There are 2 protein chains.
Amino acid sequence: MGIHERKEREKEQRREEILDAAQRVFFEKGLSTATMDEIAETAELSKGTLYLYYKSKEDLYLAVMMRGMEILLEMLAEVVRSNDSVPKMLIRLRDAYTAYFNNHRDYFRMMHFLQTPQFHTQVDDEMRRNCGTLNRRVWDLVNGILQRGIDEGILRNDLNPVEVGIILWSSATALMLRIDSERLIWKETFHIDLAKTLKLSNTLLFDAICTEEGRRALAAIANA
Amino acid sequence: MGIHERKEREKEQRREEILDAAQRVFFEKGLSTATMDEIAETAELSKGTLYLYYKSKEDLYLAVMMRGMEILLEMLAEVVRSNDSVPKMLIRLRDAYTAYFNNHRDYFRMMHFLQTPQFHTQVDDEMRRNCGTLNRRVWDLVNGILQRGIDEGILRNDLNPVEVGIILWSSATALMLRIDSERLIWKETFHIDLAKTLKLSNTLLFDAICTEEGRRALAAIANA
DNA sequence: CGTATAAAATGACCATCAGTCATTCATTGC
DNA sequence: GCAATGAATGACTGATGGTCATTTTATACG
């Protein structure tokens, strides 16, 4: 009697179909401008059905956002799996995040809605938990590499790897946000290429957190 | 016949009264949860009247936000007027921004709504222009100091002061946003005090952008 | 004064949209 | 077939941003 199982599968599929539709609409319109009616129409379902699968509009938004976080997590995990040297991995982590920013811009934007919660409705608890878990996995991954860097004498051992992670991640993200929304302004007003500024920021920070040995290793990679 | 002038004054006063009311409501509820009806009631005016003075809810929001930017600008200008040495001014700029973050948290939050535009309605052109002007004045101020730092041999002359400004500002802001919304999470999950992380981030970056002379000067101030 | 004119303020009203729920429709098990 | 289960529907509600015909207030003038 696999009927129950099939039903479960179909339900899961519906959830995904709704998510697909929501994604298309949110990517195009953003959270506030998108309407549940439009998502319903895109999904070829009635609005009521959406609410059988998701608690609220913001819940749906978070669900789409988590797809993006999973992609990012996978990209970072891929770097870790490579099992390169720590300096090489640092570079590759940076490149992976940059690639995510460039190739998954829509998801990237959604992720930074989290920074400004101010949710209008209550978000489903499970959704919030899952979100936290995913986030945590990304951080553990980054922290693991940084800890290894310290252990191997590549990174300064007077710094807390978690703090270093926050600093690297935050400043990269802040610059990406600026690139996303103000690239032209800076180009025109100050003749600044923010993409280069992002690189510079990374370089300065890498330099600051490395030991002498780490800096040599990074320089060697850069020259390769 | 000063009647016209008085009328103008009264009109300006109304605008301010409305702004006061909007500020109270926005501070308490945030943009999306605040309602024009509540602002009207707080201002002891009818909703229609609000629209005689401001084009839209978002327009009003921006107007409140600009009050906050003016406060920040004044705090920074005060530092510049002090005419201290460049290293001292860098420290004081950092402290001024930190003080702004700590003492004007509500305004700080509003400013970072700008980063995520996604405006729902069209914002009044003049409002947008004024916003841009204010923003520009803040940047010019910071850039001026950094340029002076380069001229005086305090800051590395191979770096563009505008780029340095963006990097310093962005990373400080990013950490502040995290402090504002995730302080407890980081405390509990990783035993990290994000306020210290903010300081560390600043220190690392100051170190990275300074010449040897600049670093000595900063160290001297820190030890004083 | 009292009336005409202009300006300011009002609040009923409209359109939009998130979210609900009584009803309808489809599938399954007998 | 036919009940029983549960998935799907869409008309409806309430909230809310924004509008505008009307009313109120202030001023000017005879």
Side-chain angles (χ1 to χ4, degrees), chain A residues 1-22 25-26 28-64 113 118-124 127, chain B residues 1-22 25-26 28-64 113 118-124 127:
Chain A
M1 175 115 47
I3 285 179
H4 183 68
E5 283 72 13
R6 196 203 68 212
K7 281 270 168 97
E8 280 304 308
R9 264 202 318 280
E10 278 173 3
K11 229 167 142 174
E12 193 46 50
Q13 202 172 325
R14 262 284 138 74
R15 252 182 95 87
E16 287 298 312
E17 284 167 17
I18 291 173
L19 213 50
D20 287 338
V25 177
F26 281 138
E28 192 189 336
K29 308 253 176 127
L31 173 60
S32 60
T33 325
T35 73
M36 288 302 266
D37 284 300
E38 188 176 353
I39 293 171
E41 195 174 345
T42 304
E44 293 173 305
L45 287 168
S46 70
K47 183 160 59 161
T49 305
L50 302 189
Y51 286 93
L52 295 177
Y53 292 85
Y54 294 92
K55 208 175 165 203
S56 70
K57 185 182 171 185
E58 280 171 359
D59 224 47
L60 243 181
Y61 192 82
L62 279 186
V64 175
F113 161 77
Q118 208 69 57
F119 288 109
H120 189 272
T121 60
Q122 197 54 44
V123 169
D124 188 77
M127 192 63 76
Chain B
M1 177 108 53
I3 285 180
H4 184 68
E5 283 73 12
R6 197 203 67 211
K7 282 269 170 98
E8 280 303 309
R9 263 201 321 280
E10 279 173 3
K11 229 167 142 174
E12 195 44 50
Q13 202 173 325
R14 262 286 138 76
R15 253 182 95 88
E16 287 298 313
E17 283 166 17
I18 291 173
L19 214 51
D20 288 338
V25 177
F26 282 138
E28 191 189 336
K29 309 254 175 122
L31 174 60
S32 60
T33 327
T35 73
M36 289 302 266
D37 283 302
E38 189 177 351
I39 293 172
E41 196 174 346
T42 304
E44 293 173 303
L45 287 169
S46 70
K47 185 162 58 160
T49 305
L50 302 189
Y51 286 92
L52 295 177
Y53 292 86
Y54 294 92
K55 208 175 166 205
S56 70
K57 185 183 172 185
E58 279 171 0
D59 224 47
L60 242 181
Y61 192 82
L62 279 186
V64 175
F113 162 78
Q118 206 70 55
F119 288 109
H120 190 272
T121 59
Q122 198 55 44
V123 169
D124 188 76
M127 192 65 77

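Nothing here was measured: the structure is a model prediction, and the numbers come from that model. Every chain is numbered from 1 and lettered A, B, ... according to where its sequence line falls, protein lines coming before strand lines.
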From the candidates D:dG18, C:dC17, D:dT9, the one with an atom nearest any side-chain atom of B:Ser56 is D:dG18
Quick check: closest heavy atoms across B:Tyr54 and B:Ala63, and the distance to 0.1 Å?
CE2-CB, 3.8 Å
Could you say whether A:Thr49 or B:Lys57 is positioned toward the 5' end of DNA chain D, judged by the nucleotide with the nearest heavy atom to each?
A:Thr49
Starting from C1' on C:dT10, measure out to CG on B:Leu45 and report it in whole angstrom.
10 Å
Length of the line joining A:Arg14:CZ and D:dG6:P, which is rounded to integer Å
17 Å
OP1 or OP2 of C:dA9 less than 4.0 angstrom from a side-chain nitrogen or oxygen of B:Tyr53, does that happen here?
yes
Answer with base, sugar-phosphate or nothing: what part of the nucleic acid does A:Ala34 contact at a heavy-atom distance below 4.0 Å?
sugar-phosphate
What's the CD-P distance between B:Glu58 and D:dT16, to the nearest Å?
16 Å
Closest to the A:Leu52 side chain, choosing from D:dA8, C:dG19, C:dA18
D:dA8
Close side-chain approach of A:Leu31 to A:Lys57, heavy-atom, < 4.5 Å
yes
B:Ala21 versus B:Ile39, closest heavy-atom pair with distance:
CB-O, 3.8 Å
Starting at CZ of B:Arg15 and ending at P of C:dA8, how long is that distance when rounded to a whole Å?
13 Å
Expressed in angstrom and rounded to an integer, what is the separation of A:Glu44 atom CD from D:dG10 atom P?
13 Å
Whole-Å distance between D:dG10 P and A:Asp37 CG?
12 Å
Between C1' on C:dA18 and CG on A:Leu50, what's the gap in Å once rounded to a whole number?
11 Å
Rounded distance (Å) that lies between atom P of D:dA7 and atom CD of A:Glu12
13 Å
Testing B:Arg15, B:Glu17, B:Arg9, B:Glu16 one by one against B:Gln13 for a side chain to side chain contact (heavy atoms under 4.5 Å, CB included), which residue passes?
B:Glu17
With distance as the sole criterion, do the side chain of A:Lys47 and the base of C:dA18 form a donor-acceptor contact below 3.5 Å?
yes
Which sits closer to the 5' end of DNA chain C, A:Thr33 or B:Lys11, going by the nucleotide each is nearest to?
B:Lys11
Minimum heavy-atom distance A:Thr42-A:Val25, with the two atoms named:
OG1-CG2, 3.5 Å
For the side chain of B:Tyr51, counting heavy atoms from C-beta on, which of C:dT20, D:dA8, D:dG17 is nearest?
D:dG17
